[in-house]
Structure formats: C-alpha cells, structure tokens
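Working notes for the structure below.
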Amino acid sequence: MVERIKARTLRKRVLKRIAFVDVKPVEAPRRIVQLVVKDPKLIEEVDKLDMQDLIEAEVERVGEDLVVKSLKVLFKNLEPFPIAKKEHGPDFLLRMRHLAIRGIRYPKIFYVEHVVTWSAIKHLVDEGRKRVHPPLIIASATEGGAILFPVDRFGERKFFLSESAQLYLEAMIFALGKVFSLTTSSRMEKSRTRRHLAEFRHLEAEAADYGFEDILDAQERLVKAIVRGVLEDEDASEIVKEFRGKRMDELDRLLKEKFPRITYDEAIEILRKKGVDIKRGDDLGADEERILTEDFEVPVFVTLYPTEQKAFYVKRVPDRPEVCYSADLMLPRYGEITTGGEREDDYYKLLEEIKRRGLKPEDYRRYLDLRKYGSIRHSGYGLGIERFVHRLLDLEHIRDATPFPRFYGRSTFV
RNA sequence: GCCGCCGUAGCUCAGUCCGGUAGAGCGCCCGGCUGUUAACCGGGCGGUCCGGGGUUCGAAUCCCCGCGGCGGCGCCA
C-alpha cells in the first residue's frame with residue numbers, strides 16, 4: 001500500500017546503496033519517522049537534502065520499513081539549518097528559540113504544557129468555576145511592590161502590567177460566584193534563578209463562601225487533577241516518564257495521598273530540629289524550603305504564616321492576629337508551586353491594614369468597595385503553569401517550560 | 001540591590017595558572033561504505049581569540065574599563 005507523506009527532514013544517514021531519513025510529519029511534528037531509501041536515483045536526491053527541508057514522498061510499508069517510492073522537495077533551505085544535532089549552550093538556544101522549537105525536545109515539553117493547561121481548565125470548569133478575563137493593564141499594585149513593569153505613557157498617567165489578577169477576581173465572585181482566570185503576569189523581580197520568569201502564565205482562582213480549609217482542599221484537588229490528566233494522556237504520560245526517568249512513583253503517591261498540612265510554627269520547629277538556625281518570624285528562604293520538604297514524598301502545605309510576611313489583604317486569624325490565613329503549597333525539593341488563602345472581608349480591618357503598611361487607601365478605593373457594599377467570606381489561590389511544568393518534567397531551567405521566555409538580565413528577546 | 005563564574009571557528013569546548021606566530025569534536029563541502037538510527041572512515045573549507053586601553057621585544061594568555069552571557073541570594077508562582 002502506497003501512501004503520501006508530507007514531512008520535514010530531521011537527520012539522514014546515507015550509505016552507498018541505501019539511505020535513511022528521519023522526518024517529522026507535517027500533521028504530527030512530534031513524531032519521528034524513519035524513511036528507507038533504496039532506489040539509487042532517490043539516494044542521490046536524499047544525499048542533497050538539508051535538515052528542515054520540507055519534502056513530499058510516496059512511501060510503501062515493507063515489513064517494519066517505510067520505503068520511499070518517490071520524493072519531491074517542496075521547500076528547500078536557503079542556508080544550512082543553524083541548529084545541529086549535537087550540544088548547544090543555553091544562550092545560543094535562546095537566540096535560536098524560534099527555530100529550536102522545531103527540534104525533538106521542545107515539542108515534547110510544550111505538548112505536556114498543553115495537557116497541563118487543559119487538565120487544569122477542565123477540572124476548574126467541571127467544579128463549577130467560570131473563566132473570566134481580567135485586565136492586564138492596571139493602575140496600582142496588587143501587593144504594593146516595586147516589581148511592576150511600567151507601561152510608558154498611556155495618555156497622561158503611568159500604568160503597569162498586571163502581576164496578579166486577584167483583585168479583579170475578588171470583584172468577579174460577586175457576579176459569578178466561583179471564578180478563575182489564566183493570564184500572563186509580569187513581574188520585574190530582579191531574580192536570576194532557575195525558577196523565575198519575568199512573564200509567566202498565571203492560573204488564579206477565587207471563590208465566594210470559601211474559607212481557608214476550603215481553599216486548601218481546592219488547591220489539592222487542582223494539583224491532583226492536573227497530574228491525573230497528564231498521566232491519563234498517553235503521549236504526555238510517556239514524555240513525563242522519559243523526562244523524569246525512574247521517579248514516577250512520586251506522581252502515583254501524589255494522587256493517592258492527602259497532602260500534609262503543617263503550620264508555619266511547626267515548620268520552624270522541624271527546621272530547628274534539623275539544626276537550622278531559625279526562629280519564629282523569620283522568612284523561609286530557598287534553603288529552608290528545600291530542607292523542610294526533603295523528608296516529604298508528596299506536596300506539603302505550610303499554613304498560617306506570620307501576618308508581616310504576607311500581603312495586606314490576607315485575613316488574620318481572629319484569636320491569633322500575628323498569623324494569617326495564608327498557605328504555600330511546596331513541592332519536595334522545589335519550593336512553592338501555589339500560594340493561596342482567605343481574604344480579609346471586613347472593611348475596617350482592611351482599611352486599617354492598608355494604612356498600617358503605608359499604602360494609599362485611595363489606590364484601593366474600589367477594592368475597599370467590595371467590602372463596603374455587603375461582602376462575603378472568600379478565598380483564592382494562584383499557580384504558575386511554567387513552574388508546574390518545570391517541576392513535572394524535572395527541567396533544568398524554567399525558561400525551557402515556555403516557548404519564548406522573558407527573564408531578568410537578558411538584554412534581547414526572540 | 002548583593003555574591004560568584006564565563007566570553008577562542010557556524011555550534012560545544014581545550015589552550016590562559018607559568019606570555020613566544022591558533023587547536024579538537026560536531027556542522028558544512030569533497031570522496032568512501034549493503035541496514036543506519038547522535039551512523040561510520042578519509043580529506044578540505046572555516047578565526048577582529050567580545051570591544052577599548054595599558055604593561056612587554058612580544059598578549060588569546062597579565063592589569064584596568066566597558067559590553068555580553070551564566071549561576072545563586074533576597075523576592076516570588
């Protein structure tokens with residue numbers, strides 16, 4: 001049976017009387033197919049092929065082989081493809097990212113990212129959440145930091161790129177109850193680490209009538225739904241196995257076991273027992289997070305952080321106002337993957353907290369209105385898609401978890 | 001904002017400590033090979049040694065400044 005195939009060449013091995021060409025079919029570029037060429041005239045043609053030429057071939061299946069019967073070059077490279085089969089440095093691959101994504105490794109990563117994203121969205125919709133579309137140009141900071149990207153002169157005023165949709169989601173719960181958004185958040189954090197991007201895909205959710213425990217449960221369900229979705233997808237599951245090597249049991253346990261929940265105070269105690277010089281009130285740095293999670297096999301929630309360490313909008317624990325209803329979900333040996341909590345719903349307490357932190361109440365007038373005109377207990381969380389993929393695939397650097405990464409310290413972008 | 005490392009062929013790097021006329025592998029071009037799969041074997045082409053200044057008879061190599069890249073801290077998802 002002869003079939004026609006349109007494909008892009010990837011590698012070739014040409015011998016005297018036989019040639020082999022690895023190609024990626026146009027309609028399924030993640031698949032690598034080996035074509036066998038025996039006809040002397042066609043071998044001559046194959047010898048002239050460059051990587052990434054687009055060919056059309058008639059092939060016949062002979063046993064295991066796909067034997068080429070005819071060959072036509074539809075698009076010929078004008079110059080040799082710059083990306084070789086062998087090793088490249090990170091800088092070169094970033095400069096060439098628009099071409100590198102044609103390779104073997106990147107398509108796998110971005111396919112998994114698609115499955116991760118889709119599994120998350122499907123889970124949230126199945127749970128009754130509605131997807132909403134918050135703005136990306138904002139007037140004032142969500143968390144009051146100096147990390148905002150300014151939008152240069154939009155009219156008279158200066159605006160910024162959003163670093164979180166949270167404040168808008170809090171408004172939207174009054175329209176739709178349980179909502180979520182998937183937007184691009186931008187943060188000018190001057191971070192040069194393998195888990196930071198200046199621009200990342202931010203999945204955020206907010207729900208009316210959700211308390212602190214409810215939102216922890218919601219985050220646990222989401223993380224499990226994503227992992228389940230990936231494992232149930234045959235291709236994605238295979239890719240994850242390939243990237244993670246033997247460490248698949250960790251994912252099986254993640255699905256089966258309830259995520260432990262320890263308080264910040266308990267985390268400090270654990271660290272002290274492990275010989276870390278730390279006391280209550282201190283920040284949990286990267287080292288501390290790693291040491292803390294090294295004995296856990298599944299993600300662990302660290303809850304009830306000191307109020308001073310968290311944002312102004314987090315609700316304080318009524319009989320212990322020095323701590324608040326905020327939790328980070330930490331992955332073993334990685335660190336934070338989500339942060340969530342219950343929001344302060346009392347107008348006067350929120351106003352007082354804004355003033356106490358030196359923020360301007362007029363910048364948060366509309367946010368305060370959400371409490372002024374009849375509020376409700378509510379909670380939410382945020383998850384970084386790239387971080388999830390980074391950890392799921394055990395990638396060296398988070399910048400490989402997005403096609404066109406932007407991060408601090410790089411002067412040019414593809 | 002802070003700490004550390006690096007810049008040599010299209011790509012990945014050696015040569016830098018201890019100054020003396022530029023190297024390898026891959027890619028590319030040519031030739032060989034009946035089953036390859038990072039094919040293999042032989043040959044060839046290919047260089048502003050990041051830029052500028054200084055020391056020296058002589059600088060890829062030592063010193064200073066600049067630019068670019070990489071890792072980490074803090075911050076965060």
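To find a chain, count down the sequence lines: A is the first, B the second, and so on, and within it residues start at 1. This one's a predicted model, so the numbers in the text were calculated from it and none came from an experiment.
- Remark: P of B/U36 and NZ of A/K38 are 13 Å apart, rounded to the nearest angstrom.
- Annotation: B/C65 and B/C2 have their P atoms spaced 15 Å apart (nearest Å).
- Of the residues in residues 262-299 of chain A, those placing a heavy atom less than 4.0 Å from an atom of RNA chain B are A/D283, A/G285, A/A286, in numerical order.
- Side chain of A/R95, nearest nucleotide from B/C11, B/C70, B/G74: B/C11.
- Using Watson-Crick or G-U wobble geometry with both donor-acceptor distances under 3.5 Å, B/A24 finds its partner in B/U12.
- Contact check for A/R201 versus A/E113: no side-chain heavy atoms found under the 4.5 Å cut-off.
- Taking atom P on both B/U55 and B/U61, the two are 15 Å apart, rounded to the nearest angstrom.
- Nucleotides B/C5 and B/C64 place their P atoms 13 Å apart, quoted to the nearest Å.
- The side-chain ring of A/F20 is not stacked on the base of B/G35, judged by centre separation under 5.5 angstrom and plane angle under 30 degrees.
- Relative orientation of the A/H397 and A/F407 rings is tilted, given thresholds of 30° and 60° on the angle between their planes.
- Nucleotides B/C29 and B/A9 place their C1' atoms 16 Å apart, quoted to the nearest Å.
- The number of heavy-atom neighbours closer than 6.0 Å to CD of A/E27, taken from other residues, nucleotides and ligands shown, is above 12.
- One interatomic measurement links the two molecules: CD1 of A/I43 to P of B/C33, which rounds to 12 Å at whole-angstrom precision.
- In this structure, of B/C76, B/C33, B/U12, it is B/C33 that holds the atom nearest to the side chain of A/L15.
- Counting heavy atoms from C-beta on, the side chains of A/R95 and A/F92 come closer than 4.5 Å.
- Pairing of B/G42, defined by two Watson-Crick or G-U wobble distances under 3.5 Å, is identified with B/C30.
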Can you name the atoms? Protein N/O to nucleotides 66-68 of chain B N/O, anything below 3.5 Å, with the distance.
| from | atom 1 | to | atom 2 | distance (Å) |
| --- | --- | --- | --- | --- |
| B/G68 | O3' | A/S411 | OG | 3.3 |

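- Side chain of A/K16, nearest nucleotide from B/A77, B/C70, B/C33: B/C33.
- For A/F200, whose side chain is taken as the heavy atoms from C-beta onward, the closest listed nucleotide among B/A77, B/C75, B/G71 is B/A77.
- Contact annotation for A/I32: no contact, since no heavy-atom pair falls under 4.0 Å across all strands.
- Side-chain proximity of A/E189 to the nucleotides B/G74, B/C76, B/C70 is greatest for B/C76.
- Only the P atoms considered, B/G69 is 15 Å distant from B/C11, to the nearest whole Å.
- At whole-Å resolution of the value, CG in A/L203 and P in B/A77 are 13 Å apart.
- If you measure from atom CZ of A/R391 to atom P of B/A77, you get 18 Å, rounded to the nearest angstrom.
- Between A/Y367 and A/Y364, the ring planes lie perpendicular to each other; the angle is over 60°, past the 30° to 60° tilted range.
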Quiz prompt | Candidate pair A/D91 and A/R410, rule salt bridge (charged side-chain N to carboxylate O under 4.0 Å, His left out), full reasoning | solution = CA-CA 10 Å; A/D91 179 46; A/R410 197 161 175 89; 3.0 Å; yes

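- With RNA chain B read from its 5' end, the first of the two nearest nucleotides for A/D65 and A/F81 is the one closest to A/F81.
- Rounded to whole angstrom, the span from the CZ atom of A/R192 across to the P atom of B/C70 amounts to 5 Å.
- What separates NE2 of A/H390 from C1' of B/C76 is a distance of 14 Å, to the nearest Å.
- Taking atom CE of residue A/M51 and atom C1' of nucleotide B/C26, one finds them 12 Å apart after rounding to whole Å.
- Of the candidates A/Y210, A/Y381, A/Y264, A/F212, A/F212 is the only one forming a ring-ring contact (aromatic ring centres under 6.0 Å, His included) with A/Y325.
- If you take atom P in B/G44 and the same atom in B/A60, they sit 26 Å apart, rounded to whole Å.
- Applying the 4.0 Å criterion to OP1 and OP2 of B/U34, one finds that A/R17 has a side-chain N or O inside that range.
- Within 6.0 Å of the CD atom in A/E352, the count of heavy atoms belonging to other residues, nucleotides or ligands does not exceed 12.
- Heavy-atom distances to RNA chain B give each of A/I18 and A/I337 a nearest nucleotide, and the one nearer the 5′ end belongs to A/I18.
- For the pair A/R406 and A/F413, the cation-pi criterion (under 6.0 Å, within 45° of the ring axis) is fulfilled.
- Looking at A/T9 and A/V46, their side chains never come closer than 4.5 Å, going by heavy atoms from C-beta outward.
- Residue A/S191 is classed as a base contact, given a heavy-atom separation below 4.0 Å to a base.
- Of the listed nucleotides (B/C70, B/A38, B/C28), B/A38 has the atom at the smallest distance from the side chain of A/R11.
- Using a 4.0 Å heavy-atom distance criterion, A/L197 is classed as a base contact.
- The shortest side-chain heavy-atom distance between A/V298 and A/F296 does not fall under the 4.5 Å cut-off.
- B/G19: no Watson-Crick or G-U partner with both key distances under 3.5 Å is found in any strand.
- Distances were taken from every side-chain heavy atom of A/D50 (C-beta onward) to each of B/A38, B/C75, B/C29; the shortest belongs to B/C29.
- Pairing partner, B/G35: none, since no Watson-Crick or wobble contact has both distances short of 3.5 Å.
- One can place NE2 of A/H88 at 18 Å from P of B/G25, the figure rounded to the nearest angstrom.
- Nucleotides B/U16 and B/U8 are separated by 11 Å at their C1' atoms, to the nearest Å.
- Aromatic ring pairs are classed by plane angle as parallel below 30°, tilted from 30° to 60° and perpendicular above 60°; the pair A/F301 and A/F259 is tilted.
- Look at B/C2: its Watson-Crick or wobble partner, with both distances under 3.5 angstrom, is B/G72.
- The same atom, P, is picked in B/G10 and in B/G47; the two are 7 Å apart, to the nearest Å.
- Distance from the side chain of A/R13 is smallest to B/U36 among B/U36, B/C70, B/C73.
- Between A/I83 and A/M51, every side-chain heavy-atom pair lies at or beyond the 4.5 Å cut-off.
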